[in-house]
Structures are given as structure tokens and as C-alpha cells.
Amino acid sequence: MSIWDRLGDFVTRVSSSASSGVAEVVEAVRTVFSGDADLRRRVAFSVAMIALSAKMAKADGIVTQDEVRAFQEIFEVPKEQRRNVARLYDLAKRDIAGFETYAERMAQLCGSGHSNCLMLEDILDGLFHIAKADGLVHEREGQFLHRIAEIFRINEAHYQSILARHVDLGAADPYIVLGIERGKPFEEVRRRYRKLVSDNHPDRLIARGLPQEFIKIATTRLAAINAAYEMIERGLRHA
């Protein structure tokens with residue numbers, strides 16, 4: 001049974017609740033999948049991405065077709081399960097609980113409890129991918145994403161590295177993408193680059209709960225990391 005079949009069963013169960021708020025959703029993930037930690041992580045990631053995408057759309061007030069397509073790039077949902085994903089999306093969008101409440105509960109559900117948690121970074125990257133789909137990250141979307149990062153305990157320097165993968169920040173961009181100070185020895189830059197490539201290998205992402213269907217996030221992230229490293233390497237070679 002695929003992740004989407006399991007998610008469909010979960011959505012059917014949650015939708016039958018009279019209130020179906022964030023507390024019920026989080027508790028349902030914990031109880032329904034209590035016997036399978038790996039499946040629980042993968043479902044939790046999926047639920048967090050869908051719910052926070054819905055909250056971002058509500059905060060921004062506009063959902064463009066480009067954003068819908070970006071959502072579909074990350075969520076390669078089988079046709080027969082699209083209705084269940086839409087139900088969960090609508091449930092989160094209608095819920096009177098604010099996005100900060102959702103982010104806090106999803107961080108407790110998905111996160112490691114440590115700052116700069118990689119799984120929470122995966123969620124933030126997915127949200128950036130959707131937000132920038134129409135060509136830019138709008139002001140309200142930027143405020144939303146920055147606040148999500150704060151709740152996820154992603155520190156400001158690390159957030160700037162994530163932001164730089166999605167938004168052109170100018171001359172310092174490649175260094176910010178790699179999260180390293182300009183002027184560091186090239187060997188240190190190379191070590192940092194290799195660690196980022198290792199941390200973001202698709203197998204690593206799957207191991208920490210990212211479903212196979214969402215490897216688009218890893219591919220986009222690695223492309224930005226590789227481009228930043230190559231830009232720094234060329235610059236140092238020709239200096």
C-alpha cells in the first residue's frame with residue numbers, strides 16, 4: 001500500500017471528526033500510525049506540507065495556477081487519491097487555528113527537537129518552492145515563511161541560506177547558499193559543500209521521512225548548492 005493510500009485512509013478517519021482541528025489531526029497521526037515509526041514520519045511530513053501550504057495560501061490570500069502546479073510537482077499524487085489530499089488541504093485552510101499553531105504542532109510532530117532540524121528544513125524548502133512558483137516570493141509569503149522558520153527553530157543565518165537557494169541575494173549569494181563566510185580557505189568551502197551534498201542526498205532525505213514522491217525538493221536544493229559551489233570555485237580560480 002502506497003503512502004497515498006495510507007494518507008487517504010487517515011484523511012477519511014480525520015474528516016469524520018466533528019471538529020477536525022490541528023490537535024485532532026496531530027493526535028490522529030500519532031495514534032493511527034503508532035506501530036510504524038517510519039510510516040508515521042512519512043505521513044507526518046506529508047500532512048505538515050499539505051496543511052502549511054493551505055495556511056500559506058490563506059495568509060497570502062491568493063492561489064495562482066503556478067502555485068498549484070508547484071504543489072503538484074512536489075506532491076505527485078495518484079489521480080484516485082487527489083480528492084483526499086484536497087480534503088486535508090481544505091480542512092487546514094478552514095480551521096480557525098492560526099498558522100503559528102499549526103507550525104508549532106507540526107514541529108512537535110515532525111521535528112527532532114533541535115535547532116536547524118533537517119526535516120523541518122525540508123518542509124520549509126517545499127513551502128518556498130510553492131511560494132516562488134509565480135516568479136517571486138510576495139511580501140506576505142515572505143513574512144509567513146520567516147515566521148515559520150522562527151517557530152521551527154531555524155536560526156537566522158541558516159534561514160538566510162535557505163532563502164538564498166530560492167531568491168537572488170546578489171554578490172554574496174553563493175556563500176550564503178553554502179552557509180559559509182566569504183574569505184574562508186577553499187578547503188573549508190569544499191568541506192562545507194561536501195557535507196551539504198551528503199546531508200541532502202535523496203537516500204538521506206527518505207531515511208528521515210521524506211516520501212519518495214517528494215524528491216523534487218532534494219533535486220532543486222542540490223542544484224542550488226552545486227551552482228553556488230561552482231560559482232565560488234570559478235571565482236577563486238580566476239582571482
Side-chain angles (χ1 to χ4, degrees), residues 38 41-42 44-45 48-49 52 70 73-74 103 106-108 110-133 135-137 141-212 214-239:
D38 179 63
R41 281 195 301 272
R42 292 192 293 136
F45 177 88
M49 275 296 310
L52 289 173
E73 285 174 357
I74 297 173
M106 293 306 167
Q108 293 168 10
C110 303
S112 63
H114 304 297
S115 60
N116 298 330
C117 170
L118 290 173
M119 191 169 184
L120 297 181
E121 180 180 341
D122 295 334
I123 295 170
L124 191 62
D125 248 346
L127 294 173
F128 262 111
H129 181 76
I130 294 166
K132 70 175 185 181
L136 71 161
V137 176
E141 290 171 328
Q143 292 169 349
F144 175 93
L145 292 164
H146 193 264
R147 181 62 185 135
I148 293 290
E150 290 176 341
I151 294 169
F152 282 179
R153 294 181 61 197
I154 294 173
N155 67 40
E156 185 62 25
H158 196 60
Y159 174 76
Q160 291 300 322
S161 294
I162 298 168
L163 177 65
R165 294 200 292 259
H166 300 280
V167 179
D168 183 8
L169 297 181
D173 189 31
Y175 288 89
I176 296 174
V177 169
L178 297 186
I180 193 165
E181 293 178 20
R182 186 180 289 273
K184 291 288 185 181
F186 183 64
E187 278 304 313
E188 193 169 333
V189 174
R190 180 182 289 154
R191 281 197 299 271
R192 174 63 178 166
Y193 165 71
R194 287 175 174 170
K195 184 179 187 307
L196 288 172
V197 170
S198 175
D199 287 345
N200 292 290
H201 189 280
D203 290 345
R204 287 280 185 95
L205 272 70
I206 291 170
R208 66 178 180 249
L210 192 70
Q212 179 69 46
F214 305 153
I215 294 306
K216 174 74 175 179
I217 296 174
T219 303
T220 303
R221 181 186 297 171
L222 281 173
I225 291 168
N226 286 331
Y229 178 73
E230 289 168 8
M231 190 180 300
I232 293 171
E233 189 176 36
R234 282 197 307 271
L236 292 176
R237 189 184 303 130
H238 296 130

Short side-chain to backbone donor-acceptor contact, Ser161 and Ile176, under 3.5 Å
yes

Is the shortest side-chain heavy-atom distance between Leu145 and Tyr159 below 4.5 Å?
yes

Is there a side-chain contact between Ser112 and Met119, using heavy atoms and a 4.5 Å cut-off?
no

Salt bridge (charged side-chain N to carboxylate O under 4.0 Å, His left out) filter on Arg191, not counting sequence neighbours, yields none

Just jot down the salt bridge (charged side-chain N to carboxylate O under 4.0 Å, His left out) partners of Glu187, sequence neighbours excluded, or say none.
Arg190

Is Asn155 reaching over with its side chain to a backbone N or O of Asn116, donor-acceptor style, under 3.5 angstrom?
no

Hey, is CD on Gln143 packed in by over 12 heavy atoms from elsewhere, all under 6.0 Å?
yes

Who are the side chain to side chain donor-acceptor pair (under 3.5 Å) partners of Asp125, not counting sequence neighbours?
Arg165, His166, Arg221

Is Arg182 reaching over with its side chain to a backbone N or O of Tyr175, donor-acceptor style, under 3.5 angstrom?
no

Determine whether a donor-acceptor pair (N or O, by modelled atom type, separation under 3.5 Å) exists between the side chain of Arg153 and the backbone of Cys117.
no

Atom pair CD1/CG of Ile151 and Leu120 - distance to nearest 0.5 Å:
11.0 Å

Residue pair Glu121 / Ile162, side-chain heavy-atom distance below 4.5 Å
yes

For the atom pair CD1 (Ile154) and CD1 (Ile148), what is the distance rounded to the nearest 0.5 Å?
9.5 Å

Check whether any side-chain heavy atom of Tyr193 lies under 4.5 Å from a side-chain heavy atom of Ile232, and answer yes or no.
no

Do Glu233 and Phe186 pass the side chain to side chain contact (heavy atoms under 4.5 Å, CB included) test, and can you show the C-alpha distance, the side-chain angles, and the key distance before you say yes or no?
CA-CA 8 Å; Glu233 189 176 36; Phe186 183 64; 3.9 Å; yes

Check whether any side-chain heavy atom of Leu124 lies under 4.5 Å from a side-chain heavy atom of Leu52, and answer yes or no.
no

Nearest 0.5 Å please: distance from the CE atom of Met106 over to the CD1 atom of Ile123.
8.5 Å

SG-CG distance between Cys110 and Leu118, expressed to the nearest 0.5 angstrom
13.5 Å

Any chance CZ of Arg147 has more than 12 other-residue heavy atoms, nucleotides or ligands included, within less than 6.0 Å?
yes

